[in-house]
**Q** 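This is the structure, below, for whatever I ask next.
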Amino acid sequence: MSLWHALFGKLGYDALPFYSAIATGAASMVVIGALVTVAGLTWFGAWGTLWREWLTSVDHKRIGIMYVVIALVMLSRALIEGCLMRAQQAVAYDQKGFLTPDHFSQLFSTHGTIMIFFMAMPFLIGVINFVMPLQIGARDVSFPVLNSVSLALTAAGAALLMVSLCLGKFSTGGWSGYPPYTEIAYSPGVGVDYWIWALSLSSIGTTMTGLNFAVTIYKKRAPGLTLMRMPLFVWAALCTAILMVFAMPPLTVATSLLALDRYAGAHFFTNGGGGNMMNYVNLFWLFGHPEVYILILPAFGVFSEVFSTFSAKALYGYTSLVIAVMAIAVLSFTVWLHHFFTMGQGADVNSAFGIATMLIGIPTGVKIYDWIATMYRGRVRFSVPLLYALAFLILFAVGGLSGILLANPGVDYQVHNTVFLVAHFHNVIIPGVLFGMLAAYHYWFPKAFGFRLDERWGRISCALWTAGFLLAFMPLYVLGAMGLPRRTVSYTEAAYHPWTLIAAGGAALLFAALASLIIQLVVSIRHRAALAVPAGDPWDGRNLEWSVAAPPPEYNFATLPHVDGIDAFARRKSAHDAYPAPPAYEDIEIPRPSALGPAIGIAGVAAGFGLTWHIWWMAGLGLLLAIGAVIARSFVRETIEVIDAATVAAEDRAWRALLASEPAVDRDAECASANRGLALPEAV
C-alpha cells in the first residue's frame, strides 16, 4: 500500500470536477460561496456570535430557523439542477444536448435526493421545531440537546452532498438507489457511497427528531391543553413524529445492508449471490410511502392554520380533521407496494394494494371539504399565505386524482416508467409540500424575526411558483401519455419537442420564483422598521404562539398559559382578556448551550467522507470524535441556567408597556405599516 493510498484512500486528482464545464462551474460556486461566507464572518467578527448564539444553541426556535436555512440553501441547488434537466430535454430532440447521459443521471439523482431528504425534510422539521412548542405552551422540546444533535446530523448529510459537487461524482442510481445498479459491480465509483452515508446520517437524525417531537407533545402540553384541544398543526406534527419513528428505520437498515454489499462483499441484494434485490425494494418503500405523508402532513397542518386565520373563523370540522390526519398516518403503512406494481407480485397482491391506495384518498378529501367550509362565509383576507393555500387546494386535487388513476395497477403498468409518474409526484409534492412550507415561511416569519415579509414581492413570488409549476409539470402528463420514458436525456420523437419546450419555460419561471423569494427577503430586511410587528400578533392569530412578543423570549412564556378550549388565544381576545398580567413571576430554568451537536456534525462529515473515499483513518477519527463527544457531555454537570424572576418580570412588563402604546389595527390593514402586531379581535 502506497503512502498516498494510506493517507487519501481512493481520492486522487481525477476526483476534481473537470469532466464538464457545468460541473466545474457548480463546484466553483460551492467553493466561492464557502470562501465568501468564511471571509464575511471573519470581516464582521461574527464567529463568536455564530458559535455562542446559534451553533451551540439548544433553543428550539433557533434550531428550527437553522433547519429552514439548510432547506432554502439546498432548494436553490436542487431547483437549478431541475432547470438544467428541463433545458437539456428541450434542446435534445434528435441531438445530444449539453449534458452527457452520465451527468444527466447524476442530476436527477441529486435533485431527488436533495428535494426529499435535504429540502422538504429540514423545512418541515424546522417549522415544527419553531412552532409546535409555542403552540402547546411549552418552553422547549423534551430533549433540547438531542434536538441539536439531530440538526447536526442533517447538516452533515447535506455537507456531504455539497462536497460531492467538488470531489468525485454523485450516484447515478436515482434517489431510491435500487440495486443491482447501485451494487459495486455496476457502480464502482464513490457516488453511491456519498448517497448511502448522506442518507444514513440524515435518517438517524430524523428518527431521533420523531422521538423528540412525540415525547414533547405527549408530555409538555400546557395545563388544560387536552389532545382534542390541540391545534391541527400540532396533531399533524404528532402523526408526522410517529411516522418518523417507525418509517425511518427501514431506510437505515436498507442503506446499511447496501453498504455491507459494497464494502464487505455481502450479497443481501445480489440475486446471483443468494440475496434478493426485492428485499431492498420492499425495505425502501416501507419507508418511502410513509415518507410521502411525513412530507405532506405538516403541510396539511400549516394549511389548517392558514385557512382558519385568514378566514377569521374557527376551523370547520375539527374532529373530522383530527380523525383524517390519524387515518392517513395509519393507512400510509398499507400502500407501499404500489410503488412497484410493475415488478410481478401477482394480480391478487396488486389488487389489495390498489384498493388501499384508493382508500387513502378518502381522508384527504375530507380535509379539502373542511378547508373549503372553513372559508365559506368567512372574512377571507387574500394575504400571501392564503394565496399559497388556495393554489394548493386546486392543484393538489389534480395531483390526488392522478394518484387515484395510478392506484389502478393496469393503468400504472402502462405509465409507470413514463414522465406521467413524474408529473403526478411533483403535482403532489410542489403544491402540497413546497407551497405548504412557503405558506408557513410567510405566516410565521414575523413571529421568528419581529417583522413581516414584503407583501408585494410575496405575491410576485407566489404567482411565479404557481405559473412555473403549471407550465413545468402539466405538459409531462401529456408526454407520459405519449410514452416519453422517465430519465430520458435525449429523444428522436418529434411530437415530444413542443411539450418539452413548454416544460423548460416553466422551469425558467420556477427559477424566477426562487430569485423573487430572495429579493423579497432582501427588501424585507431593508424595510424591517416599517414592517416591524413587535406586539407579536400581525395576522389576528388564533393559537398560543401569537400571544407572546415577536420574536419570542428564549423561555417563550413568562408564565405558562392555561388552555380552556380550542383556539384559546382567539377566545381570550374575543373576551377582551388576551394578555392577562400574571399575579407573580418565578425563576425560569432553560438548558445551557451545548457543543455536542456541532461536534457530532463535524464527526459525521469526517466519518462519511472517510468511508466514501476509503480513508480509514479519517473514518475512524470521526467515529472516535463522536463517541468522545458523547462521553465528554456525560461529565457536564451544569446543564441548566436560571433566568431570575426579576429579569423575566422586567422583560414581560416592557412588552406589556409596548402593547399599551401600540394602536390595534383592523385586519383589512394588516399589510400596512400601521400593523405593529396588535390585532382588533374578530368574533370567534
**Q** Between E81 and T110, does any side-chain donor sit less than 3.5 Å from a side-chain acceptor?
**A**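 Yes.
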**Q** Is it the case that the side chains of Y19 and D102 hold a donor-acceptor pair, with the cut-off being a distance below 3.5 Å and no angle test?
**A**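 Per modelled atom types, D102 and Y19 side chains form no pair under 3.5 Å.
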**Q** Does F98, at its CZ atom, have more than 12 non-hydrogen atoms belonging to other residues, nucleotides or ligands within less than 6.0 Å?
**A** yes
**Q** Taking side chain as C-beta onward, heavy atoms only, is V325 less than 4.5 Å from I328?
**A**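 Answer no - side chains too far apart.
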**Q** Quick one: are P250 and F284 in side-chain contact, heavy atoms under 4.5 Å?
**A**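 P250 does not reach F284 side chain to side chain.
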**Q** Side-chain contact test, heavy atoms from C-beta onward, threshold under 4.5 Å: evaluate it for F233 versus V127 and give yes or no.
**A**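 Yes, their side chains come closer than 4.5 Å.
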**Q** Taking all heavy atoms of M482 and all of A495, pick out the closest pair and write down the distance.
**A**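 That would be CE-CB, 3.3 Å.
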**Q** Any donor-acceptor pair under 3.5 Å linking the side-chain atoms of H289 with those of S332?
**A** no
**Q** With a 3.5 Å distance limit and no angle check, can you tell me whether R262 reaches the backbone of S187 through a side-chain donor-acceptor pair?
**A** yes
**Q** Is it true that atom OH of Y178 has more than 12 heavy atoms of other residues, nucleotides or ligands lying nearer than 6.0 Å?
**A** yes
**Q** Assess, by modelled atom type and distance only, whether the side chains of T270 and D261 contain a donor and an acceptor separated by less than 3.5 Å.
**A** no
**Q** Look at the rings of F117 and F287 and say which category their plane angle falls in: under 30° parallel, 30 to 60° tilted, over 60° perpendicular.
**A**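 Plane angle under 30°, so parallel.
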**Q** Say whether S461 and S516, considering side chains only, have a donor N or O and an acceptor N or O under 3.5 Å apart.
**A**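 There is such a pair (donor and acceptor under 3.5 Å, judged by atom type) between the side chains of S461 and S516.
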**Q** Closest heavy-atom contact between A494 and Y93?
**A**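 Taking every non-hydrogen atom into account, CB-OH, 3.3 Å.
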**Q** For the ring pair (Phe, Tyr, Trp, His ring centres under 6.0 Å) test, which of W371, F469, F435, W465 pairs with F392?
**A**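 Answer after filtering W371, F469, F435, W465: W371.
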**Q** Just by distance, do the side chain of Q414 and the backbone of P409 share a donor-acceptor pair under 3.5 Å?
**A** no
**Q** Side-chain polar contacts of residues 164-171 - donor-acceptor pairs under 3.5 angstrom, sequence neighbours left out - could you list them?
**A**
residue	atom	partner	partner atom	Å
S164	OG	L161	O	2.5
S171	OG	G173	N	2.9

**Q** Hey, would you say the F353 and H338 ring centroids sit under 6.0 Å apart?
**A** no
**Q** Look at the side chain of R486 and the backbone N and O of H416, then say whether any donor-acceptor pair between them is shorter than 3.5 Å.
**A** yes
**Q** Would you tell me whether H111 and Q106 have side-chain atoms, one donor and one acceptor, within less than 3.5 Å of each other?
**A**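 No, because no side-chain N or O of H111 sits under 3.5 Å from a partner of the opposite role on Q106.
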